[in-house]
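First comes the structure, then the notes that go with it.
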Amino acid sequence: MNVQTYLAQFQEPAGYLDFGRFGPISAAAAEALGDAVGLMAGHGWGALEALDAAAVRAARSAGRLLGAREEEVAFVGSTSHGMFAAAFGFVGRGGSVLVGRRDFPAAVYPWLRAEECGGPAVRLLDGPATVDAVRARLTPDVRAVSVCAVDGVTGFRAPLAELKELIGPDRVLVVDAVQALGAVPVAADAADVLVCGGQKWLRAGWGAALLLVRERAREQLRPGLGGWSGVVDPLGGFDHPRPPLPGARAHTLTNPDGPAVAALGAGLRLVLDVGVDRIHALIEGVLGELGEAARSTGLRWDRGQPAAGSGVGAGSGFARIAMPGVDPAVLHAALRDAGLTTTLRGEWIRLSPHASTTVRSPDAAARLRAAVVAMERRSPGWRPQPQQARTG
């Protein structure tokens with residue numbers, strides 16, 4: 001698929017720079033949803049068979065994207081569901097787990113709840129999960145390290161390959177990839193467990209998330225949240241518990257949302273067809289223009305430059321801006337008035353464009369400049385101080 005055909009899939013509003021929160025779905029995902037709903041409206045068991053076939057296709061697409069076998073992929077209801085399945089896989093095993101204190105709560109609470117139920121003791125990392133930070137906390141009792149592939153606030157990209165090399169084969173690397181997959185290259189082969197919903201960069205909406213559990217991690221995780229859908233022949237008798245299924249399906253609670261899985265499969269196929277490197281290059285081009293506009297107008301500009309020992313530079317798909325001496329809520333309102341949709345996070349405003357921003361919002365940088373001009377009028381005492389460009 002060429003880039004133009006890919007970009008024609010999208011219809012988000014002009015000025016939309018909030019894909020880190022929600023990515024308006026593609027035409028292919030919308031079609032998959034509509035077809036699935038039509039099947040459920042006009043068919044009986046045949047609809048379920050068709051939805052099962054769509055799930056198999058989606059698993060194959062996920063496997064291609066992640067470099068995994070089909071049986072290593074299952075579908076759950078959300079990224080949170082997948083992270084809970086991973087965390088409860090360690091209940092009763094003892095030891096500890098390293099988790100980022102400032103990670104998105106969906107990547108933190110599963111481990112806290114699992115600890116309350118006899119899971120590993122949670123040891124919180126105060127900064128980004130750099131190699132140096134993890135090495136400093138890596139004691140013999142650590143069973144797992146849980147990281148976000150991309151931090152949704154700072155844009156920090158975790159060095160997955162280096163982290164896996166550091167912790168070794170006897171510890172499990174669990175990755176929340178929802179803020180990365182489909183937008184930036186992800187070293188998925190380093191992840192023992194990886195979870196990603198479809199509502200952000202995959203542009204497939206809510207209701208389904210892929211759950212990758214590598215065969216190499218099978219003995220280290222028990223199916224702590226595994227329900228009837230995760231066991232062998234659950235309706236074949238009453239001699240429960242039945243043995244768990246092989247692969248990732250052992251960690252599923254029930255059957256997934258068929259239409260949502262079909263839409264997620266469509267989103268995965270689009271990424272495969274156009275290539276994540278091309279998507280990433282387009283995102284970086286938009287962020288380059290926005291960064292030039294921000295620095296030239298005196299805004300603070302941050303791309304999540306990692307600390308020493310991370311092994312990963314900028315290029316996450318995120319940037320943050322702030323105006324020195326100005327309430328960020330006021331700047332956020334000015335951006336809205338200029339026609340830009342962004343996310344306010346504490347003292348910063350997050351920008352998260354997508355590849356389609358190049359055609360849906362080619363004037364995004366001009367709108368950013370217009371917002372700063374409006375701010376100058378509202379804050380007479382403030383004057384922009386252009387910044388020097390810097391890498392990262």
Side-chain angles (χ1 to χ4, degrees), residues 76 78-154 156-179 190-196 209 211-227 230 241 244 248 250-253 306-307 309-311:
V76 292
S78 64
T79 306
S80 291
H81 182 171
M83 292 299 293
F84 265 95
F88 274 74
F90 290 92
V91 169
R93 298 297 180 92
S96 64
V97 57
L98 301 182
V99 181
R101 185 187 303 274
R102 298 183 182 182
D103 284 352
F104 190 78
V108 179
Y109 274 91
W111 298 103
L112 297 175
R113 298 301 182 229
E115 181 182 28
E116 294 170 354
C117 296
V122 177
R123 294 166 55 190
L124 296 171
L125 297 170
D126 285 319
T130 65
V131 171
D132 289 346
V134 172
R135 182 186 290 115
R137 302 293 300 276
L138 197 63
T139 53
D141 69 311
V142 173
R143 285 187 170 273
V145 176
S146 176
V147 300
C148 293
V150 167
D151 184 284
V153 175
T154 66
F156 171 78
R157 283 176 64 186
L160 301 182
E162 292 89 342
L163 287 174
K164 182 57 185 174
E165 181 179 4
L166 171 67
I167 69 175
D170 297 328
R171 297 184 178 94
V172 177
L173 181 62
V174 179
V175 178
D176 176 343
V178 75
Q179 290 290 17
D192 299 299
V193 178
L194 184 145
V195 188
C196 182
L211 170 64
L212 166 72
V213 181
R214 301 278 184 189
E215 174 62 23
R216 66 188 185 227
R218 181 171 61 88
E219 296 300 323
Q220 294 158 286
L221 278 77
R222 58 186 292 273
L225 290 187
H251 300 272
T252 62
L253 184 65
S310 72

Would you say the side chain of [Y] lies within less than 4.5 Å of the side chain of [X], judging by non-hydrogen atoms?
X: Val174; Y: Trp111; answer: yes
X: Arg123; Y: Val97; answer: no
X: Arg218; Y: Val213; answer: no
X: Arg143; Y: Val172; answer: no

Between the CZ atom in Phe84 and the OH atom in Tyr109, the distance rounded to the nearest 0.5 Å is 10.0 Å
Test salt bridge (Lys or Arg N to Asp or Glu O under 4.0 Å) on Asp192 and Lys164 and set out the steps.
-> CA-CA 9 Å; Asp192 299 299; Lys164 182 57 185 174; 2.7 Å; yes
Donor-acceptor pair, side chain of Gln220 and main chain of Asp170, under 3.5 angstrom |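 Flag set: sc Gln220 to bb Asp170 pair under 3.5 Å.
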Show your reasoning for whether side-chain contact (heavy atoms from CB on, under 4.5 Å) applies to Val150 and Phe156.
-> CA-CA 6 Å; Val150 167; Phe156 171 78; over 6 Å; no
Per the side-chain contact (heavy atoms from CB on, under 4.5 Å) rule, which among Val147, Val142, Leu163, Leu173 passes with Val134?
-> Leu163
Answer yes or no: does atom CZ of Arg102 have more than 12 heavy-atom neighbours from other residues, nucleotides or ligands under 6.0 Å?
-> no
May I ask you to check whether over 12 heavy atoms, not counting those of Glu165, lie within 6.0 Å of atom CD?
-> no
Please lay out, stage by stage, how Leu253 and Val76 fare under the test side-chain contact (heavy atoms from CB on, under 4.5 Å).
-> CA-CA 8 Å; Leu253 184 65; Val76 292; over 6 Å; no
Check step by step if side-chain contact (heavy atoms from CB on, under 4.5 Å) holds for Leu138 and Ile167.
-> CA-CA 8 Å; Leu138 197 63; Ile167 69 175; 4.1 Å; yes
Do you see a donor-acceptor pair shorter than 3.5 Å between the side chains of Arg135 and Thr130?
-> no
Between Leu212 and Val175, does a side-chain contact (heavy atoms from CB on, under 4.5 Å) hold up when you go through it step by step?
-> CA-CA 10 Å; Leu212 166 72; Val175 178; over 6 Å; no
Shortest non-hydrogen separation from Val195 to Ser78 and the atoms involved =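 Nearest pair, atom of Val195 first, then Ser78: CG1-O, 4.3 Å.
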